[in-house]
Undergrad: 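The structure is given below, and queries will be raised subsequently.
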Amino acid sequence: DAGVTQSPTHLIKTRGQQVTLRCSPKSGHDTVSWYQQALGQGPQFIFQYYEEEERQRGNFPDRFSGHQFPNYSSELNVNALLLGDSALYLCASSLLGFPSPQETQYFGPGTRLLVL
Amino acid sequence: DAKTTQPTSMDCAEGRAANLPCNHSTISGNEYVYWYRQIHSQGPQYIIHGLKNNETNEMASLIITEDRKSSTLILPHATLRDTAVYYCIVNGSGTYKYIFGTGTRLKVLA
């Protein structure tokens with residue numbers, strides 16, 4: 001059973017460029033969340049996608065956008081990159097359970113982005 | 001802001017039980033307690049979760065106090081590979097995002 005996969009594993013970009021990160025959820029999962037983890041800090045929630053729509057968004061600017069495809073995979077796009085966008089970007093998948101009140105999220109290995 | 005507080009760091013001797021505490025005094029009735037760990041530069045790994053009863057799986061045990069204001073993750077026989085940052089998270093119905101705190105950096109000593 002494949003877990004959450006992310007690509008690429010590492011990426012180097014320069015300020016002002018745009019980047020697209022990809023995530024495939026765990027088999028059977030339908031919901032994808034994205035997190036940003038700066039060095040030495042805990043992950044911070046960017047947004048979550050379910051049924052190809054953004055369900056909730058954290059405190060991130062519009063430069064951060066996403067997409068979910070019919071096969072539940074997802075992309076995170078960041079425009080106009082800043083030095084401060086350098087971080088580990090984590091994807092997590094879960095299954096929207098009803099009437100289950102909780103959704104356990106399973107994380108991928110992350111994509112490490114360095115902006116120069 | 002995170003709804004949990006954890007000690008910044010802890011040491012544990014290899015082979016001994018590691019007991020990691022977490023305070024979540026504002027937890028709501030429908031919120032679960034989740035534990036994850038993150039080994040250097042990897043994605044967080046799910047360990048265990050619970051609502052109000054104690055839980056055990058192949059990785060760890062979770063003890064939740066009766067008033068649910070705190071919990072303890074127990075690794076019964078810590079190994080060097082358990083060295084990681086451990087995060088305690090409170091999450092419930094309608095709250096899709098996980099709010100991570102700074103976690104506890106556990107170092108298992110040989």
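Chain A is the first sequence line, chain B the second, and so forth, proteins listed ahead of strands; every chain is numbered from 1.
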Undergrad: Check whether A:Asp30 reaches the backbone of A:Tyr50 with its side chain - one donor and one acceptor, N or O, closer than 3.5 Å.
TA: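 A pair under 3.5 Å: no.
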Undergrad: Quick check on B:Gln38 against chain A: is it the side chain, the backbone, both or neither that has a heavy atom closer than 4.5 Å?
TA: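 Side chain only.
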Undergrad: Which class fits the ring pair A:Phe107 and B:Phe100: parallel under 30°, tilted 30 to 60°, perpendicular over 60°?
TA: perpendicular
Undergrad: Please classify the contact of A:Gln41 with chain B as side chain, backbone, both or neither, using a heavy-atom distance under 4.5 Å.
TA: backbone
Undergrad: Hydrophobic cluster mates of A:Leu21, side-chain heavy atoms under 4.5 angstrom, ILVMFWY only, any path?
TA: A:Leu11, A:Val19, A:Val32, A:Trp34, A:Ile46, A:Phe47, A:Tyr49, A:Phe60, A:Phe64, A:Leu76, A:Val78, A:Leu81, A:Leu83, A:Tyr89, A:Leu113, A:Val115
Undergrad: Quick one: side chains of residues 72-87 of chain B, donor-acceptor pairs under 3.5 Å with protein atoms, not counting sequence neighbours, listed by atom name and distance.
TA:
unit_1: B:Thr79; atom_1: OG1; unit_2: B:Arg81; atom_2: N; d: 3.3
unit_1: B:Asp82; atom_1: OD1; unit_2: B:Arg37; atom_2: NH1; d: 2.7
unit_1: B:Asp82; atom_1: OD2; unit_2: B:Thr79; atom_2: N; d: 2.9
unit_1: B:Thr83; atom_1: OG1; unit_2: B:Leu80; atom_2: O; d: 3.2
unit_1: B:Thr83; atom_1: OG1; unit_2: B:Val108; atom_2: N; d: 3.0
unit_1: B:Tyr86; atom_1: OH; unit_2: B:Arg37; atom_2: NH1; d: 3.0
unit_1: B:Tyr86; atom_1: OH; unit_2: B:Asp82; atom_2: O; d: 2.7

Undergrad: Given heavy-atom pairs under 4.5 angstrom as the criterion, report whether the side chain, backbone, both or neither of A:Gln44 touches chain B.
TA: neither
